[in-house]
Amino acid sequence: MDEQALLGLNPNADSDFRQRALAYFEQLKISPDAWQVCAEALAQRTYSDDHIKFFCFQVLEHQVKYKYSELTTIQQQLIRETLISWLQAQMLNPQAEKTFIRNKAAQVFALLFVTEYLTKWPKFFFDILSVVDLNPRGVDLYLRILMAIDSELVDRDVVHTSEEARRNTLIKDTMREQCIPNLVESWYQILQNYQYTNSEVTCQCLEVVGAYVSWIDLSLIANDRFINMLLGHMSIEVLREEACDCLFEIVNKGMDPVDKMKLVESLCQVLQSAGFFSIDQEEDVDFLARFSKLVNGMGQSLIVSWTKLIKNGDIKNAQEALQAIETKVALMLQLLIHEDDDISSNIIGFCYDYLHILKQLTVLSDQQKANVEAIMLAVMKKLTYDEEYNFENEGEDEAMFVEYRKQLKLLLDRLAQVSPELLLASVRRVFSSTLQNWQTTRFMEVEVAIRLLYMLAEALPVSHGAHFSGDVSKASALQDMMRTLVTSGVSSYQHTSVTLEFFETVVRYEKFFTVEPQHIPCVLMAFLDHRGLRHNSAKVRSRTAYLFSRFVKSLNKQMNPFIEDILNRIQDLLELTPPENGYQSLLSSDDQLFIYETAGVLIVNSEYPAERKQALMRNLLTPLMEKFKILLEKLMLAQDEERQASLADCLNHAVGFASRTSKAFSNKQTVKQCGCSEVYLDCLQTFLPALSCPLQKDILRSGVRTFLHRMIICLEEEVLPFIPSASEHMLKDCEAKDLQEFIPLINQITAKFKIQVSPFLQQMFMPLLHAIFEVLLRPAEENDQSAALEKQMLRRSYFAFLQTVTGSGMSEVIANQGAENVERVLITVIQGAVEYPDPIAQKTCFIILSKLVELWGGKDGPVGFADFVYKHIVPACFLAPLKQTFDLADAQTVLALSECAVTLKTIHLKRGPECVQYLQQEYLPSLQVAPEIIQVFFQRAKP
């Protein structure tokens, strides 16, 4: 072996050595006999370096996985002997191999097993067991091999081909017949021998039992000798977590519902008598988390049994199953309410399913009603934040609690289905008592009280948020709570979580303010002052900006009396903050977008006359335009690149803000009615010069392009005079991404204005195409994936443009480009349909071809098009599906094939018998298609 290259395997080696080692590995993988050197090195124990040993196993792994069928019988025998020799050597080694080597060796054994067990190595397990016996080092490897085999055969995360899946099923069937009882016996012997002396091996063995129990005969494990041993392990501290997991897998095994019920009940009796149900006496939270998972498994198994028995009409046994479930509820509640969230989280599945059963029962017993209430109280308690939660810098622990809260929310929703009245009454009780004394109550209790009110909206759903009409008692309870929320002063509570929950709840129940509009002013003030948009926490300010926008939009009819006051109060929040003034704005530019949108909505939806609306909109947008002009001049003069970037950023924000105000308009009509067309045309004239700025082109073009998209909707044909000049600037010095983003703008104009923009399109058609072709033809490095992806996306955009042109009845735009250019364009469409392995583009290309055949394919079509149809389009319909890359397992490819068929059908419709004759007599014979196949093709093709 290349000793110099092997030096690069050391993690501390420099990059040159590492590169050389990687290259050597690739070389050995390709070499037909290099693996033998590695096999010999392993068998002879040539190397002591762990990384070289691992490397040798990797080479063997590659050989077994990808090239095994190419080996001779003798070579295959050599690999088997190498692995057994290595295994024998491990029995004698003074020191065990590192874990990563043992795991890799186990993977190679497993790969060889799935390849050879059914044919050449049926005695695989007996050979392994004869070598390892009960040697602890050997047993460790044996158990690792078993886990690797289970992973190969059963692991659902590993994607298998249908052939591999069939093979795996056959292997499992054969193992069940030939060796599983022997393997189970070996596990029993290992557990018996090592349970008190080697906890690591015992835990490994328990993991193996847990893994295999899902697909072997359960009676081999679920019997007195095994279960008694496992229950014994539950009392040994170092084994009990693994024993718990093993019992969980046994309980989880699919089986007859009555047998499952008996198994679970017998397990529960033993566990209870051994004191495991006394949760409050157990201090080991890691064990309790596993135990909670086991109880959850037992509870859910009983519920599955109950469901099956009810379905089968076995009422007697179903009643027994329900009784068994009920006896576990007290334990479930203890685990649900446990202060450790992992323990609580693990039992939620059982809890959820239990409530589902209660939902199906017509009448609940007093005990069941008490259980529902207990679950409800537990959920309310567990929803509460703890003191350690870091609101300003949320990390992994906080993220886990947020996820846990989502699980509890599902429980609350299920509780609402079982007993909505009880849930409403319980929330109302907690909410009222907490808000009565909010000034002296801890933040987490105040937050959870408001949170519960917020959660009721989804737990007790209504259509279109109509919580305050319909069911009188429910509407009145919610109305009372909302009135308390907005009048109690709790919005002043000095904790971000309470503040945010207040605003979230106010917005969720915005319909309350149509019933009691007198509360709108005090809520608006909360939004606008130090409690909301001017809060000292950036997180609160940011979220409030969004919520304020939603609040105003949803209550726009009630906003009229407050519009000018609001606009005055938010004036400072609308300021564009250039980089040089050093002033830190209260809101980020993203947050300001919501404020501008809110301002636009207030003006547009107001009851003011058009002149007043125009004046207010001009007041809103003029400062932006003035700042824009000044900043653009500064950018043109700026030398420092960092300063250029920050100025361009600020310019982009200005355009974005103006664009966002227009979201209040749905179409041109509403802009005209408000008298605002002129203001937006002024904005357009102010922003367009940025397109000719040679600096920071990407960001400036992007902003102006977005503004143009909006103005096409708001101003319609009034925008058209600006489009030619804007397009000319945007086509200068283009990159793939620029074009990709420019084409949707042209598509929007084409689809909207159609014949109106025909002269403009005819003029810019070839310049646009030249710009696209120039970018597509630029050489790129072979391995540059991002450049390849950019080109693919540009190609798609190009074809989408042609589709828009042809689909909008504008085919004359293409036809008028001159014969040479037309042919060039058509050839690119043919290439897109056939050459590029991109089904999305192929589908678009066939749609274009189909449309052109429909428009030009008749007798009066353009000169030479009929020839083009037979010379290029017909072959494309056959050559595309014949490509190796045309994968019919892919949904997009199926759609491409469908469009391909439509194209052929359209050719047939337009050209008639001539098309059939050409296919029968010329084209299909030229592909060496047999006459009988051609005949079948035409029989199937008949409508």
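Predicted, not measured: the structure shown is a model, and the values here were computed from it.
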> Looking only at atom types and distance, does a side-chain atom of Gln76 sit under 3.5 Å from a main-chain N or O of Tyr68, one as donor and one as acceptor?
Replying inline: yes
>> Does Ile723 form a side-chain contact (heavy atoms from CB on, under 4.5 Å) with Phe753? I'd like the steps, not just the answer.
In response: CA-CA 12 Å; Ile723 296 296; Phe753 301 112; over 6 Å; no
>> Are Val869 and Val874 packed together at the side-chain level, in the sense that at least one heavy-atom pair is separated by less than 4.5 angstrom?
In response: yes
> For Gly858, does its backbone N or O pair with a side-chain atom of Lys910 as donor and acceptor, under 3.5 Å?
Replying inline: no
> Are the side chain of Ser662 and the backbone of Ser659 linked by a donor-acceptor contact shorter than 3.5 Å?
Replying inline: yes
> Got Arg710 and Tyr680 here, is their nearest side-chain heavy-atom distance under 4.5 Å?
Replying inline: no
> Given the rule in the side-chain contact (heavy atoms from CB on, under 4.5 Å) test, do Cys877 and Phe846 qualify, once you have shown the distances and angles that lead to the verdict?
Replying inline: CA-CA 8 Å; Cys877 293; Phe846 279 117; 4.1 Å; yes
>> Can you tell me how far apart CG (Leu826) and CG (Leu849) are? Round to the nearest 0.5 Å.
In response: 7.5 Å
> Looking at Arg778 and Glu735, does any basic side-chain N land under 4.0 Å from a carboxylate oxygen?
Replying inline: yes
>> Checking the side chain of Gln817 only, and the main-chain atoms of Gln762 only, is there a donor and an acceptor separated by less than 3.5 Å?
In response: yes
>> Which residues pass the side-chain contact (heavy atoms from CB on, under 4.5 Å) test with Lys65, not counting sequence neighbours?
In response: Leu111
>> Taking NZ in Lys253 as the centre, count heavy atoms belonging to other residues, nucleotides or ligands within less than 6.0 Å. Is the count above 12?
In response: yes
> Heavy-atom distance under 4.5 Å between the side chains of Val304 and Pro257, does that happen here?
Replying inline: no
> If we only count heavy atoms from C-beta on, is the Tyr836 to Gln831 side-chain gap below 4.5 Å?
Replying inline: yes
> Should the heavy atoms of other residues, nucleotides or ligands under 6.0 Å from CD of Glu823 be counted, would the total exceed 12?
Replying inline: no
> Passes side chain to side chain donor-acceptor pair (under 3.5 Å), Gln740 versus Lys737? Steps please.
Replying inline: CA-CA 5 Å; Gln740 209 181 301; Lys737 192 168 177 290; over 6 Å; no
> Would you say the side chain of Ile149 lies within less than 4.5 Å of the side chain of Tyr117, judging by non-hydrogen atoms?
Replying inline: no
> Do Phe878 and Phe937 have their ring centres less than 6.0 Å from each other?
Replying inline: yes
> Got a salt bridge between Lys67 and Glu70, using NZ or NE/NH1/NH2 to carboxylate O under 4.0 Å?
Replying inline: no
>> Quick one, Gln77 with Arg80, criterion side chain to side chain donor-acceptor pair (under 3.5 Å). Give me CA distance, side-chain angles, the key distance, then yes/no.
In response: CA-CA 5 Å; Gln77 178 66 24; Arg80 285 197 291 277; 2.5 Å; yes
>> side-chain contact (heavy atoms from CB on, under 4.5 Å) for Ile746 and Phe760? Distances and angles first, verdict last.
In response: CA-CA 10 Å; Ile746 298 301; Phe760 157 68; 4.1 Å; yes
>> Does any part of the side chain of Phe865, heavy atoms only, come nearer than 4.5 Å to the side chain of Val822, both counted from C-beta?
In response: no
> What's the spacing between Cys900 SG and Ile847 CD1 if we round to 0.5 Å?
Replying inline: 12.0 Å
> When you measure from the side chain of His160 to the backbone N and O of Glu152, does any donor-acceptor pair fall under 3.5 Å?
Replying inline: yes
> Judged by atom type as modelled, is there a donor-acceptor pair below 3.5 Å linking the side chain of Glu914 to the main-chain atoms of Arg911?
Replying inline: no
> Around Glu932, counting heavy atoms of other residues, nucleotides and ligands shown, do more than 12 lie under 6.0 Å from its CD?
Replying inline: yes
>> With a 4.5 Å cut-off on side-chain heavy atoms, are Phe124 and Glu116 touching?
In response: no
>> Phe886: which residues meet the ring-ring contact (aromatic ring centres under 6.0 Å, His included) condition with it, sequence neighbours left out?
In response: none
> Is Lys123 atom NZ crowded by more than 12 heavy atoms from other residues, nucleotides or ligands, each under 6.0 Å away?
Replying inline: no
>> With a 3.5 Å distance limit and no angle check, can you tell me whether Thr893 reaches the backbone of Asp887 through a side-chain donor-acceptor pair?
In response: yes
>> Let's go through Phe742 and Ser797 carefully: what are the C-alpha distance in whole Å and the side-chain angles of both, what is the deciding distance for side-chain contact (heavy atoms from CB on, under 4.5 Å) to 0.1 Å, and is it a yes or a no?
In response: CA-CA 9 Å; Phe742 172 64; Ser797 298; over 6 Å; no
> Do Gln75 and Gln36 have side-chain heavy atoms sitting under 4.5 Å apart?
Replying inline: yes
> In Å and rounded to the nearest 0.5 Å, what is the CG to CG distance from Asn168 to Leu153?
Replying inline: 5.0 Å
>> Salt bridge or not between Glu820 and Arg824? Use side-chain N to carboxylate O under 4.0 Å.
In response: no
> So, Asp838 and Arg796, do they make that salt bridge, N to O below 4.0 Å?
Replying inline: yes
>> More than 12 heavy atoms of other residues, nucleotides or ligands under 6.0 Å from CD of Glu728: yes or no?
In response: no
>> Can you confirm if the aromatic rings of Phe109 and Phe57 lie within a centre distance of less than 6.0 Å?
In response: no
> Would you call Glu716 and Lys752 a salt bridge, taking side-chain N to carboxylate O under 4.0 Å as the test?
Replying inline: yes
>> Quick check against the 3.5 Å criterion: does Gln748 have a side-chain atom that pairs as donor or acceptor with the backbone of His709?
In response: yes
> Between Ser808 (side chain) and Thr804 (backbone), is there a donor-acceptor pair under 3.5 Å?
Replying inline: yes
> Got a sec: does the CD of Gln178 have more than 12 other heavy atoms crowding it under 6.0 Å?
Replying inline: yes
> So how far is it from Lys871 NZ to Ile830 CD1, rounded to the nearest 0.5 Å?
Replying inline: 11.5 Å
>> Looking at Lys859, I'd like to know if its NZ atom is crowded, meaning that more than 12 non-hydrogen atoms belonging to other residues, nucleotides or ligands lie closer than 6.0 Å.
In response: yes
>> With a 3.5 Å distance limit and no angle check, can you tell me whether Ser926 reaches the backbone of Tyr923 through a side-chain donor-acceptor pair?
In response: yes
> Got more than 12 heavy atoms from elsewhere within 6.0 Å of CD1, Ile74?
Replying inline: no
> What distance separates Ile814 CD1 from Asn821 CG, expressed to the nearest 0.5 Å?
Replying inline: 11.5 Å
> Roughly how far apart are His908 NE2 and Thr903 OG1, rounded to 0.5 Å?
Replying inline: 14.5 Å
